[in-house]
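Given the structure is predicted, the values throughout are model-derived calculations rather than measurements. Throughout, a chain's letter reflects where its sequence line sits, starting with A, and its residues are numbered from 1.
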2 protein chains.
Amino acid sequence: MYQRKIPIDYECGLSVAMEVVGSKWKFCLLDEIAKGKTRPRDLVSAINGITKRVLQKQLSELELHGILGKTIYAEVPLRVEYFLTESGKSILPLVSAVDKWGLEFAPQLKTIMEREAL
Amino acid sequence: MYQRKIPIDYECGLSVAMEVVGSKWKFCLLDEIAKGKTRPRDLVSAINGITKRVLQKQLSELELHGILGKTIYAEVPLRVEYFLTESGKSILPLVSAVDKWGLEFAPQLKTIMEREAL
DNA sequence: ATGGATGGTGATCAAATTATCACCAAATGA
DNA sequence: TCATTTGGTGATAATTTGATCACCATCCAT
């Protein structure tokens, strides 16, 4: 999210979690993969606004962090499927919880932001 | 977190939640306030690495979003106390859950990052 | 041989967030 | 008068993240 020069505090769960999953698309990505969209091109079309390049970067970070794994099929055209590792699966409850909270909070935020925009 | 030009999608809970709480210090801040550190100067000394200015900005954003409220006491020197609103309290379970997950995941991330640094 | 579909990478620019520094204000006590 | 304490703001740099664009490779079908 924003901490490379300023190193991660491994003693702080919040710091660790933010490093791994705190960025614009990652929660959304995990959600889609959990829902069965496993191929890059499917993810690009499923996630509104993301570009190929950015997707690729986020996927490879999640892979590096051991949240995702991938399977490469020797087909033509090439087929690659990403999947959640055990660690990845362990975040899913959090993803739903965050999503749920966000939906409940949305009306309030909307009201506030619209009032603000005057 | 990173979405002003690209507007918030109020239909997407993840988008909403990230907007409100997805930034370097906010989870941490809510955690400390819940634990009783309510005054700015206490927060600065409680949270390792944050500066006065940044704290102030995050507090005022949380206040704007209706997550925090504040009470100003007409004392000398001036005393201000921030508190969690009902919405603010409703995130606390999420904060603990994220923290817990992060702590469980920390060893794995640490191993991976150290291996990577070679 | 040309173009399409798929997955992927590097360079670079734009945008957002965080950090730093200086500064203001009120009131108290030395 | 001057420093201290507390809360707060503005301007600007530093850092990180996300977006864009161009490109490579493989294999197939036309």
Looking at [X], does any N or O in its side chain come under 4.0 Å of the phosphate oxygens OP1/OP2 on [N]?
X     : N      : result
B:S60 : D:dG8  : no
A:Q58 : D:dG18 : yes
A:K70 : C:dG8  : yes

Partners passing side-chain hydrogen bond (donor to acceptor under 3.5 Å, both in side chains) against B:S87 (at least two apart in sequence or in another chain): A:Q108
Distance, rounded to the nearest Å, where [X] contributes [atom1] and [N] contributes [atom2]:
X     : N      : atom1 : atom2 : value
A:L62 : D:dG18 : CG    : P     : 11 Å
A:I72 : C:dG8  : CD1   : P     : 7 Å
A:L59 : C:dG8  : CG    : C1'   : 11 Å
A:L29 : D:dT17 : CG    : P     : 16 Å

Axis-to-axis angle between the two ends of the helix from C:dA1-D:dT30 to C:dA30-D:dT1 (five base pairs per end, rounded to 10 degrees): 30°
Under a 4.0 Å heavy-atom cutoff, the residues of residues 77-84 of chain B touching DNA chain D are B:P77, B:L78, B:V80, B:Y82
Within residues 30-57 of chain A, the residues having a heavy atom closer than 4.0 Å to DNA chain D are A:T51, A:R53, A:V54, A:K57
Would you name the heavy atoms of A:T85 and A:G69 that are closest together and state the gap between them? CG2-N, 3.9 Å
Pairs involving residues 73-99 of chain A, ordered by first then second residue, that meet ring-ring contact (aromatic ring centres under 6.0 Å, His included) (sequence neighbours left out): none
Measuring from atom CD of A:E63 to atom CD of A:Q58, what distance do you get when rounded to the nearest 0.5 angstrom? 13.5 Å
Could you pull out every donor-acceptor pair under 3.5 Å between side chains of residues 25-40 of chain A and any protein atom, sequence neighbours left out?
| from | atom 1 | to | atom 2 | distance (Å) |
| --- | --- | --- | --- | --- |
| A:K26 | NZ | A:E61 | OE1 | 2.5 |

